Every structure is written in structure tokens, then in C-alpha cells.
Protein chains: 2
Amino acid sequence: MVRSAATLFSTRGANATSFSDVIAQSGAPRGSIYHHFPEGKKQLAIDAIGWTAQRVLAHLRASTAATPGDVLEYFIAMWRHVVVSSHAAAGCAVAGVALDTPHDEADVMHAVNAAFRSWSEQLAEQLVAAGVPAARARAIALTTLAGMEGALILCRAEGGVAPLDAVAEELMRLLP
Amino acid sequence: MVRSAATLFSTRGANATSFSDVIAQSGAPRGSIYHHFPEGKKQLAIDAIGWTAQRVLAHLRASTAATPGDVLEYFIAMWRHVVVSSHAAAGCAVAGVALDTPHDEADVMHAVNAAFRSWSEQLAEQLVAAGVPAARARAIALTTLAGMEGALILCRAEGGVAPLDAVAEELMRLLP
DNA sequence: CGGGTACTATGATGATCGTCATACTGACTG
DNA sequence: CAGTCAGTATGACGATCATCATAGTACCCG
């Protein structure tokens with residue numbers, strides 16, 4: 001269910017995804033929604049974000065990139081694969097929740113923020129390990145993350161991967 | 001109504017915004033929804049995007065920036081103002097629609113794409129006028145747009161303007 | 001004044017949503 | 001074997017949504 005929710009969030013946003021959709025796509029039993037998610041939809045969103053965050057983190061940690069350029073390329077290639085394999089229909093599930101959630105829903109927003117920060121920090125860490133000074137690494141990591149999130153939206157709008165490629169090429173210039 | 005819809009889209013996304021919300025916020029009469037928007041909510045979304053697109057374009061055209069740095073700063077300052085004046089609650093209405101709309105809703109997606117492209121092209125044009133070679137100008141403009149859209153999401157998640165400022169500083173490095 | 005057009009008031013419709021209560025299943029514990 | 005409990009089935013609830021039909025009002029043109 002969490003996995004289905006995450007993919008649905010990434011293609012239609014959180015509010016356009018109903019429990020019925022999640023049930024239908026995951027094959028999970030209807031009756032056990034509030035057994036596994038006692039707090040309802042909010043909890044499903046939080047769990048889906050957490051699941052996505054961990055998945056991305058695990059993928060990043062599997063990287064063997066040694067140079068700063070390889071680090072960024074590995075991160076970018078991950079998002080590029082999302083766009084290509086979904087024919088520009090999917091984006092980032094975390095962003096899909098972030099834009100659909102009123103900013104005063106503290107716990108959901110906190111999960112969103114934690115996900116973004118974990119990715120940014122992991123990326124910065126890898127850049128530091130590849131020889132980039134810490135302060136610059138943090139800034140480059142954050143900019144790359146923002147660039148990707150924005151590029152995902154542009155790709156979705158255009159229906160192709162071209163914007164992401166163009167953004168990626170520019171982001172590479174930020175490296176020493 | 002269009003103005004209200006646009007601001008609501010930018011703070012909660014398109015699907016979380018009901019006609020009732022738009023009515024309540026705009027003070028418009030309930031009975032005349034389908035007089036002004038015969039195609040229903042889809043048309044409201046398209047019109048809100050068009051209105052936002054034109055508003056941003058008009059603001060950009062009012063710029064007197066002469067150097068490439070000033071051009072980017074003017075564009076960035078606009079988004080920064082959105083974040084600051086809304087206390088990090090608002091983002092980009094076009095993005096709010098883009099993520100909430102299934103990718104096969106062709107006419108809405110076309111409006112979204114047109115909005116993004118018009119901004120990107122206007123920005124590139126100004127960069128060229130400030131002396132940046134055309135090819136680079138287009139790439140920098142697209143990257144800046146993507147960076148801002150992503151930064152808006154990060155600011156919303158964090159509740160502050162810090163991510164946007166960090167991204168802005170890095171984007172400036174792309175200029176010759 | 002008369003007629004037509006633009007807009008609004010009111011409220012109904014069917015669908016869908018999130019949420020939950022109640023009852024059932026099966027497997028595991030002692 | 002009796003008992004417990006995680007998980008599932010079924011279906012109902014109030015609310016809200018987008019949409020529309022019908023009837024009304026305001027205003028402009030001649």
C-alpha cells in the first residue's frame with residue numbers, strides 16, 4: 001500500500017489520490033486500511049514519504065562515485081530514469097505531497113522536510129568525500145536537489161526529458 | 001475568481017481547491033460559475049494559469065536590468081517576495097496545477113507548458129540583451145526557472161526562505 | 001417603453017470521498 | 001483444545017464535491 005501510494009502521489013499528487021485508488025492499485029484489502037494506518041490518510045502520506053526517502057537514500061548510498069562530477073551524475077541519473085521510464089508522467093512523490101498539503105499540517109510537512117534534508121545532506125556528504133569543500137558541497141547539493149525537483153515539473157509539463165538534461169548540464173558547471 | 005483560484009492553487013494545489021473555496025475567497029456569486037467557466041474546473045485551472053503567466057511576464061518586462069546578474073536577480077527577487085510575504089506558505093500556482101493534473105489532460109498540461117516556456121524564453125531574451133550568447137542564455141534561463149520552482153518547494157517544506165537564497169547564490173555562478 | 005442579453009440566486013443531483021463500526025477469519029499461544 | 005489477537009470483509013455514515021437546471025434580476029439598446 002505504501003509503495004502504491006508513493007507512485008500514485010508522484011504521478012497525480014496527494015489529493016488526487018484516494019484510498020480507493022491505492023486499494024485498487026495495490027490489491028490490498030479495503031477493510032484493513034485503518035488497521036495499518038490508524039491515523040488515516042495523513043499517516044499514509046507520511047509513511048509514503050518515509051518509504052520514498054529511505055529508498056532514495058539507499059540508492060544513493062550504493063553509489064561508488066569517486067569524483068564530484070560522478071556524484072552529481074549518479075543523483076541526476078536516478079531522476080532521469082524516473083522521467084524516462086514513466087514517459088514523463090511521474091515526478092517526485094515528496095513534492096507531490098508538499099504542494100498538496102496545507103502548510104500548517106505540521107507533521108506531514110515535517111516528514112517532507114526531513115526527506116528533502118536527508119537527500120541534500122547525503123549528497124553533500126558524498127561531494128565532500130570526493131574533495132569538495134564542505135560549505136560549497138552543501139550549497140551545490142541543495143541547488144542540485146532544487147534543480148531536479150524543478151526539472152521534474154518542467155519535464156512533466158513538456159512531456160519529455162529535455163529540460164532535465166539541459167538543467168543537468170548547467171548544474172555540472174557548478175563543480176570546481 | 002481567477003485571481004483567487006491562482007492564489008489558492010499556489011498554496012494548496014489544484015485538487016485541494018474547491019469551487020466553494022474560490023467562491024468564499026473571491027466573494028463571487030455561486031450561481032455564475034458555469035456562466036463564466038462553461039467548461040468547469042478545468043477551464044478555471046487553465047484561466048488561472050494564463051492569468052499567472054501574463055502577470056509574471058508583465059512583471060518581467062518591467063525590468064530595467066542591464067547586466068546578466070541583474071536579470072537573474074530581478075527574476076529571483078520576484079519569487080523571493082512570494083515566499084517572504086506569504087511566510088513560506090505560497091509557491092507557484094502553475095506548479096500546483098502541474099503536479100495535480102494527470103499527464104493525459106492535454107489542454108491543461110498545454111497551458112502549463114506554455115506558461116513555463118513563456119517565462120523561460122522571456123528570461124533568455126533578457127539575458128541575450130545583456131550580452132549572454134543565445135545558447136547559453138537559454139540553458140541558464142531554463143536552469144534558473146527549474147531552480148526556482150524547486151526552491152519554492154524546499155522553502156515551503158522548511159518554512160523559510162533560506163533554501164531559495166542558497167540556490168540563488170549558486171545560480172549566479174552560472175553567469176559568465 | 002419593450003425586449004433582449006448578461007449575469008445571479010437557489011437548490012438539487014449523483015458521485016465520491018475519508019472515516020469508522022461490526023462481524024468474521026485464521027493462526028498462533030499455552 | 002480454549003483463548004487471544006492481528007488482519008480482513010462488508011457496508012454504512014455524513015460530508016463535500018463538480019455539475020447543472022430553473023427561475024429570477026439588472027441593465028442596455030432602440
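Letters A, B, ... are given to chains in the order of the sequence lines, protein chains preceding strands, and every chain is numbered from 1. The shown structure was predicted, so the numbers you read here are calculated from the model rather than taken from an experiment.
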In whole angstroms, how far is the [atom2] atom of [N] from the [atom1] atom of [X]?
| X | N | atom1 | atom2 | answer |
| --- | --- | --- | --- | --- |
| A/Asn15 | D/dA18 | CG | P | 12 Å |
| B/Phe19 | C/dA15 | CZ | P | 20 Å |
| A/Leu8 | C/dC17 | CG | P | 12 Å |
| B/Ile23 | D/dT19 | CD1 | C1' | 13 Å |
| B/Met1 | C/dC7 | CE | C1' | 12 Å |
| A/Ile33 | C/dA21 | CD1 | P | 14 Å |

How long is the gap from [atom1] on [X] to [atom2] on [Y], to the nearest 0.5 Å?
| X | Y | atom1 | atom2 | result |
| --- | --- | --- | --- | --- |
| B/Leu123 | B/Gln126 | CG | CD | 6.5 Å |
| A/Arg80 | A/Ser85 | CZ | OG | 11.0 Å |
| B/Glu149 | B/Trp79 | CD | CH2 | 5.5 Å |
| B/Ser20 | B/Ile33 | OG | CD1 | 7.5 Å |

At how many degrees, to 10°, do the end axes of the helix from C/dC1-D/dG30 to C/dC17-D/dG14 meet when each uses five pairs? 10°
In the structure I gave you, are the side-chain heavy atoms of A/Glu170 and B/Leu142 within less than 4.5 Å of one another anywhere? no
Is any side-chain heavy atom of A/Asp21 closer than 4.5 Å to a side-chain heavy atom of A/Arg12? yes
Select one nucleotide: of [options], the one nearest the side-chain heavy atoms of [X].
| X | options | result |
| --- | --- | --- |
| B/His36 | D/dT8, C/dG18, C/dT8 | C/dT8 |
| A/Ser18 | C/dC17, D/dA18, D/dA12 | C/dC17 |
| B/Arg30 | D/dT8, C/dG11, D/dG11 | C/dG11 |
| B/His35 | C/dT8, C/dG18, D/dC17 | C/dT8 |
| B/Pro29 | C/dC17, C/dT8, D/dT8 | C/dT8 |
| A/Ser20 | D/dG11, C/dC17, D/dA18 | C/dC17 |
| A/Tyr34 | D/dA18, C/dT10, C/dT19 | C/dT19 |

Closer than 4.0 Å, any side-chain N/O of A/Ser32 to the OP1 or OP2 of D/dG7? no
Considering all heavy atoms of both residues, which atom of B/Pro29 and which atom of B/Ile23 are nearest to each other, and what is their separation? O-CD1, 4.0 Å
